[in-house]
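Every heavy atom of this structure was used, including side-chain atoms; hydrogens, water molecules and symmetry mates were not. Letters go in sequence order (proteins before strands), and every chain restarts at 1.
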Protein chains: 2
Amino acid sequence: MPLLTEPKTATVEEIVGQLTEAVHEHRLQPGAKLREDEVCEIFGVSRTIVRQALRSMEFEGLLTIEKNRGAFVSKPTLKEAREVFQARALIEPSTARAAADRANAEDIVLLEHHIEQEHAALDRGEAGLALKLSGDFHLEIARMADQQTIEQFLRQLVSRSSLVIALYWRRRNALCESNAHHALVDALRKGDGDNAEELMKGHLLDIFSQLDLRERQEATTSLKDALRR
Amino acid sequence: MPLLTEPKTATVEEIVGQLTEAVHEHRLQPGAKLREDEVCEIFGVSRTIVRQALRSMEFEGLLTIEKNRGAFVSKPTLKEAREVFQARALIEPSTARAAADRANAEDIVLLEHHIEQEHAALDRGEAGLALKLSGDFHLEIARMADQQTIEQFLRQLVSRSSLVIALYWRRRNALCESNAHHALVDALRKGDGDNAEELMKGHLLDIFSQLDLRERQEATTSLKDALRR
DNA sequence: CAGGCAAAAATTGTATACAATCCGGATTCG
DNA sequence: CGAATCCGGATTGTATACAATTTTTGCCTG
């Protein structure tokens with residue numbers, strides 16, 4: 001399995017990239033522990049480098065580092081989950097509008113290619129990959145808007161969205177993706193900012209509505225609790 | 001002068017806190033270099049700790065670390081400067097609205113106290129301190145809105161705003177601060193979300209308009225270039 | 001046999017040693 | 001005299017050694 005196998009001496013960025021991808025594609029689930037030595041061996045570097053990588057990912061919100069206990073893939077709470085999508089709802093519509101004003105033919109082709117890959121991944125049953133591509137799609141739009149500061153924030157939000165979806169997505173099977181992205185690209189192609197803004201707003205609401213954000217028991221981490229009736 | 005003098009063994013957070021404060025108050029100017037050994041001696045810790053602190057501040061956008069060259073207080077470009085205030089204009093008005101809905105008497109007292117300190121600092125001629133307090137004021141409002149994700153982003157934006165102001169503020173002397181904060185607190189006290197939102201929007205535009213964001217020459221760092229006619 | 005205690009192993013946190021790179025000044029050559 | 005080059009010191013980057021903490025394991029006792 002060519003998963004996280006790098007021969008030797010990777011940079012911090014490469015490690016962050018591969019680990020981030022693994023989390024985005026749900027190959028690493030929320031709660032999973034990343035032992036430093038293990039990561040060291042996989043990438044063939046010293047703990048100095050690995051610790052830098054883990055710390056970066058903590059800043060992104062992807063990992064939570066507990067003192068003296070280690071780095072774990074973050075498990076957003078319900079409140080955090082809501083906040084992530086509230087923040088996206090605040091940021092992304094206006095970003096889509098800006099993108100509509102600036103998108104050129106090249107950008108549109110890129111986005112369409114993105115959607116193709118996304119559908120292909122879904123057809124192959126690779127839901128994790130499709131999810132990551134979907135996130136990248138949103139980031140591409142932010143990039144087109146030429147707002148690096150916002151893009152940087154959105155990167156964090158998309159990362160966290162991936163965690164939220166891992167924890168709170170309703171049906172494990174049907175990962176929708178209707179044709180919201182298609183419609184968005186159409187609006188961008190026409191330079192229709194109003195429509196792009198509205199479509200983005202609706203799209204985010206749609207995703208949000210498919211999350212199960214009701215109060216629930218903390219996932220019982222203790223075997224004892226899990227077995228008592 | 002009790003500036004950055006800590007006796008011994010500080011934590012990463014303490015170092016980040018003190019250095020951040022120094023940047024926010026313009027005691028450390030954009031472009032200033034932070035040598036690792038120097039910071040080590042000041043705080044009485046090893047480079048391991050200092051490097052963690054510097055890296056944190058790089059993520060906040062406060063420092064820029066150039067490979068093999070060191071950590072410098074960031075110098076936002078014109079584009080970045082504009083983006084920072086565009087992002088704030090996008091985020092803060094709705095945050096002010098949310099704060100108006102949630103603010104209790106205690107919060108209002110806190111904010112008023114904040115404004116007092118700000119004016120006192122201005123009267124004493126401590127413009128840097130006043131600026132930092134002004135940033136904290138905005139962060140307090142975000143905290144009241146109970147949106148930690150947004151608050152986290154705003155923290156970065158306020159940090160960068162401090163750098164932008166250091167670089168692009170028009171008149172070095174009169175650091176305005178009219179009574180915009182007073183008006184905002186009034187709206188919050190009354191729970192008037194609409195007004196709070198509008199006031200915040202106007203306040204940010206006001207700050208933005210006092211920046212000198214025209215294209216300009218890169219400050220010539222070379223004496224030779226400065227002398228040739 | 002359950003529960004608690006203690007030692008050992010495993011893991012993370014910090015300091016230090018060593019390697020790589022950069023910077024400034026002196027030297028040499030055109 | 002000016003420019004390029006090379007060297008030594010200074011500074012940052014990485015690996016490793018050691019300390020502190022947690023987790024596991026095994027033993028002992030009630």
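Residue B:Ile49 contributes atom CD1, which lies 9 Å from atom C1' of C:dA15 at whole-angstrom precision. Distance A:Glu36 CD to D:dT23 P: 14 Å, rounded to the nearest Å. In this structure, the CD atom of B:Glu66 is 22 Å from the P atom of C:dA20, given to the nearest Å. Rounded to an integer number of Å, the gap from B:Leu54 CG to D:dT12 P is 9 Å. Atom pair B:Lys33:NZ and D:dA10:P shows a separation of 13 Å (rounding to whole Å applied). One atom, CZ of A:Phe72, and another, P of C:dT11, lie 12 Å apart when rounded to the nearest Å. As rounded to whole Å, 13 Å separates atom P of C:dA17 from atom CG of B:Asp37. For A:Glu41 and C:dT11, the CD to P distance is 10 Å, given to the nearest whole Å.
Judged by distance alone, the side chain of A:Arg27 and the main-chain N or O of A:Glu21 form no donor-acceptor pair under 3.5 Å. In this structure, the side chain of A:Ser134 does not engage the main chain of A:Ala130 through any donor-acceptor pair within 3.5 Å. Side-chain atoms of A:Ser94 do not come within 3.5 Å of backbone N or O of A:Leu90 as any donor-acceptor pair.
Note on B:Arg69: a side-chain N or O is less than 4.0 Å away from OP1 or OP2 of C:dC23. For the pair A:Arg51 and C:dG13, the criterion of a side-chain N or O lying under 4.0 Å from OP1 or OP2 is met.
Mapped onto DNA chain D by nearest heavy atom, A:Thr48 and B:Leu34 fall at different nucleotides, with B:Leu34 at the one closer to the 5' end. Between A:Asn68 and A:Arg47, it is A:Arg47 whose nearest contact on DNA chain D lies nearer the 5' terminus.
With salt bridges taken as basic N to acidic carboxylate O contacts below 4.0 Å, one links B:Lys79 and A:Asp146.
Comparing D:dT12, D:dA15, C:dT14 by their closest approach to the side chain of A:Ser46 singles out D:dA15. If you check C:dG13, D:dT14, C:dA15 against the side chain of A:Gln52, the one that comes closest is D:dT14.
Side chains of B:Glu140 and B:His114: no donor on one and acceptor on the other come within 3.5 Å.
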